[in-house]
Amino acid sequence: MRYDLIIFDNDGVLVDSEPISNTILSGYLTELGHATSYEDSLRDYMGAAVHRVHDVIRERTGQALPDDFDDTLHARIFAAFERELQPVPGVTDVLGKLVADGVPYCVASSGTHERIRVGHLRTGLDEWFEDEWVFSAQDVGRGKPAPDLFLHAAERMGVAPARCAVIEDSRLGVEAARAAGMDVYGFTAMTPAERLGDATACFGDMGQLLGLLG
C-alpha cells in the first residue's frame, strides 16, 4: 500500500449514522421554528461539527439556538443510536485487511468523543480502535472544512500529511483533507460524487476501497 496512515471519518464511513442524525437534527431545528428538511440538513451540516449548526442559524436568522441545544440534540441522537445504529456494510472487512497488512489507521471525526464512543460501542467497532487512534473536532480549534483535525491526527500518529489517505463522505470533509495536503477518497453511499468535489477518487461500496488505496 502506498500510504502510511489511513484516516477514517466516522459518521457515514464507519457507522451508518447520517440518516439517523440528520433526521433528528432536521426535526429538532424545525421544532424550534427553523424549518429544515432532511435534504437541507444533509446539504448544510453533514460532516460538520455542531458549532456549524449554530453559525448557520445565526447567520440566516440572527437568532441564537437554545443554550441546551447541543445536549438535547446529542441525547436524542444517542437514544436513536441505541435502537438503530449499525456499522457501514463491509467496513470491518476493510479494517481487518489493514490490520493483517500492518497498515496503521485512525478515526478523525467532527463528532464529539462521546458520540464516537457511543457509536463504536453500539456497533462493536470499539474492538478495532484503541483510544489513542480516535480524534475529534473537540481536540482542535476548528472543525472541518479547516484542515486542523486531519493535521492533528497525522501528527499524533507520527505520519507526514502527504503519506496519509482520508476516507470521507462529505464535501466539508473532502475540503478539509485537501487543505491538509492529503489524498482523499470519497464514499458516495450518501453523497453523490459530483458533490465530493476534489476527491482523489470516489467509490460506492466498501469492497472497492482497498483496491483504490493499493
Is a side-chain N or O of T191 found less than 3.5 angstrom from the main chain of D169, in a donor-acceptor match?
yes
Do T36 side-chain atoms and T30 backbone N/O form a donor-acceptor pair below 3.5 Å?
no
Shared hydrophobic cluster for V99 and Y3 (ILVMFWY, side-chain gaps under 4.5 Å):
yes
I'd like to know if the side chain of S109 reaches the main chain of S136, judged simply by a donor and an acceptor atom lying under 3.5 Å from each other, with no hydrogens or angles considered.
no
With sequence neighbours excluded, residues passing ring pair (Phe, Tyr, Trp, His ring centres under 6.0 Å) with W133:
Y105
Taking all heavy atoms of N22 and all of S41, pick out the closest pair and write down the distance.
OD1-OG, 2.6 Å
I'd like to know if the side chain of D101 and the backbone of V103 have a donor-acceptor N/O pair within less than 3.5 Å.
no
Can a donor-acceptor pair be found, under 3.5 Å and without considering hydrogens, that links the side chain of T188 to the backbone of F203?
yes
For the pair H74 (side chain) and D70 (backbone), establish whether a donor and an acceptor sit closer than 3.5 Å, ignoring hydrogens and angles.
yes
State plainly whether one hydrophobic cluster holds both I57 and L172, where clusters connect Ile, Leu, Val, Met, Phe, Trp and Tyr through side-chain heavy atoms under 4.5 angstrom apart.
no
Tightest non-hydrogen contact, residues A49 and A137, listed as CB-CB, 4.3 Å
Donor-acceptor contact present, side-chain R58 to main-chain A64, <3.5 Å
no
Running the 4.5 Å side-chain criterion over Ile, Leu, Val, Met, Phe, Trp and Tyr, what cluster does L42 land in, apart from itself?
Y38, M46, M190
Under 3.5 Å donor-acceptor, R163 side chain and R2 backbone
yes
Does the pair D9/K144 count as a salt bridge with the N-to-O cut at 4.0 Å?
yes
Closer than 3.5 angstrom, by distance alone: can the side chain of R76 be matched with the main-chain N or O of I24 as a donor-acceptor pair?
no
In short, P161 meets A180 closest at the heavy-atom pair CB-O, 3.4 Å
Taking V184's backbone N and O only, do any of them form a donor-acceptor pair with E168's side chain (distance below 3.5 Å, no angle check)?
no
Looking only at heavy atoms, what is the nearest atom pair of Q208 and G204, with distance?
OE1-N, 2.9 Å
